[in-house]
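Reading through the C-alpha cells given below for one structure.
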Amino acid sequence: MRDTRESRLLLVLLVAIAFALITVDIRGGQESPVDGARQAAAAVFGPVENGVAAAVDPIGNAIGAVRDSGERHTRIAALEKENAELKAKLGSDDRNRNRLRELDSLLKTAGAGQYGVKGAQVIAIGAAQGFSWTVTIDVGARDGIRRDMTVLNGAGLVGRVTTVGPSTSTVLLANDPDFTVGTRMEKTDELGFATGQGDRPLLVQLLNGKAKVKAGDRLVTFGSRADKPFVPGVPVGEVVRVDPAGGGLTRNVYVRPYVGFTKLDIVGVVVQAPRSDPRDTVLPQKPKPAPTVTVTVTAKPPAEGEQAQGEKADRPLQDQPLAGEAEKPAQDQARQQPQDPPQNENQPQDQPQDPNGQEDATP
C-alpha cells in the first residue's frame, strides 16, 4: 500500500473510531453497547488464538527452559562446590584427629622414657631407585637437629638422622638393610644386633648362642656411647621366629618391628637423652588374657516318689535282671542251703533227748 494522503486519512479515521469504541465500552461497563460485538469476535477468533498459542507455547517453553537452565547450572555448580568444601573439611578433620592421636601417643612414649623430643612430620620418602628406606622430615639444623639422633614415634624406634639441612632432615629407617642397632631382650637382658630386611622382619643376632628365646619376647634398644646414634630403652619389636641353635657363636632371631614403616606421619627426634636407662618401662603393656568363664549347674533334688523311680531308672542295664532270671538266684540259694536231718517218726517230738543219745526213762 502506497503512502498517500488518502491512506493517512484512513489510518487517522480508524484510530479515532478505535478510541471512540474504547471510550464507549469503558463508560458502558457491563451494559456496554459493544459487548455483543466483543463476544462475537471472541467466538470467531478464540479458536484461532488457541491454535496459535498451542503452536507457540513449545517454543516459549524451550526459550524459558534455556534461560532457566543457566540458572540451574549455576546453582548446581554452587552446590557441588559447597559439597566439595564440606568433604575437604570433613577429611581434614579426620586427618587432624588421626594426627592428634599420633602426637598424643608420641608424647606418652617420650614421657615414659624421659626423652626430650622435637616433633616433626614426614613430608617425603626416599627415591625408589635408591634401594634404601629413608624419609624426609620437616625439621633441620635451625630446629636443633644434628646427625646421628634417634628418631621414634608412639610405637617405637623409627630410625636415625643421617643428613641434616637448614629446615629438613633425612632419616634412615630401621628396616633398611644398612641399618643396625644394638638390642637387649626384656627381662633376660640378652644382647644382640638388629639389622633391617626391608619389608621382612628384623634379623637379630644374639651374642649368646644358647640363650633361651621364644616367640612373643620383646626387645628394646641397648643404647650407644654418648647416646648417639641411639638412646636406650626405645621399643624395637617382638620375636616371631627363632632359628634352632646350631652350636654357633650367635643365634638368629626374627623380630616384627612395632613401627609400621609404610604409614609414617608424626615422628619425634630425640634431642635430649634420658638421665638414666628406662630399660623396659617404655614397652607397651601386654594384653591381659581373657578370663575363663566357669558355669556351675546345680541339680534340683527329685521328690520322694520320683526318687525311687529315678534310682531304678538310673541303674545300668546290665545290673537289672532280665525276665525269667529273677527267680534263678532264689532257686540257687535254696539248693545251696543245707537241709535239716530227718527225724524218727516213732520218736515223739515233744520229748527231749539225752545228750548221750539215750531216751529219758524217767516217767
Applying side-chain contact (heavy atoms from CB on, under 4.5 Å) to Pro278 and not counting sequence neighbours gives Tyr115, Pro232, Pro274, Thr281, Val282

Return all side-chain donor-acceptor pairs below 3.5 angstrom for residues 188-198, not counting sequence neighbours, or 'none' if the list is empty.
unit_1: Asp189; atom_1: OD1; unit_2: Arg184; atom_2: NH1; d: 2.9
unit_1: Asp189; atom_1: OD1; unit_2: Arg279; atom_2: NH2; d: 3.0
unit_1: Asp189; atom_1: OD2; unit_2: Arg279; atom_2: NH2; d: 3.1
unit_1: Glu190; atom_1: OE2; unit_2: Asn208; atom_2: ND2; d: 3.4
unit_1: Gln197; atom_1: NE2; unit_2: Pro201; atom_2: O; d: 2.7

Under the ring pair (Phe, Tyr, Trp, His ring centres under 6.0 Å) definition, can you give me all pairs with a residue in residues 258-285, not counting sequence neighbours? none

Under the ring pair (Phe, Tyr, Trp, His ring centres under 6.0 Å) definition, can you give me all pairs with a residue in residues 154-189, not counting sequence neighbours? Phe179-Phe230

Fellow cluster residues of Leu203, listed by chain then number, with links counted only when side-chain atoms sit under 4.5 Å apart: Val240, Tyr254

Which residues pass the side-chain hydrogen bond (donor to acceptor under 3.5 Å, both in side chains) test with Asp217, not counting sequence neighbours? Lys214

Going by side-chain hydrogen bond (donor to acceptor under 3.5 Å, both in side chains), name the residues that satisfy it together with Gln272, two or more places apart in sequence or in a different chain. none

Counting N and O atoms only, with roles assigned by atom type, does the side chain of Thr183 sit under 3.5 Å from a partner on the main chain of Thr221, one being a donor and the other an acceptor? no

Does anything in [range] pair up under salt bridge (charged side-chain N to carboxylate O under 4.0 Å, His left out), and if so which pairs, sequence neighbours excluded?
range            : answer
residues 222-235 : none
residues 102-114 : Asp104-Lys108
residues 254-266 : Glu238-Arg256
residues 133-148 : Asp148-Arg160

Could you pull out every donor-acceptor pair under 3.5 Å between side chains of residues 163-172 and any protein atom, sequence neighbours left out?
unit_1: Ser169; atom_1: OG; unit_2: Val139; atom_2: O; d: 2.7

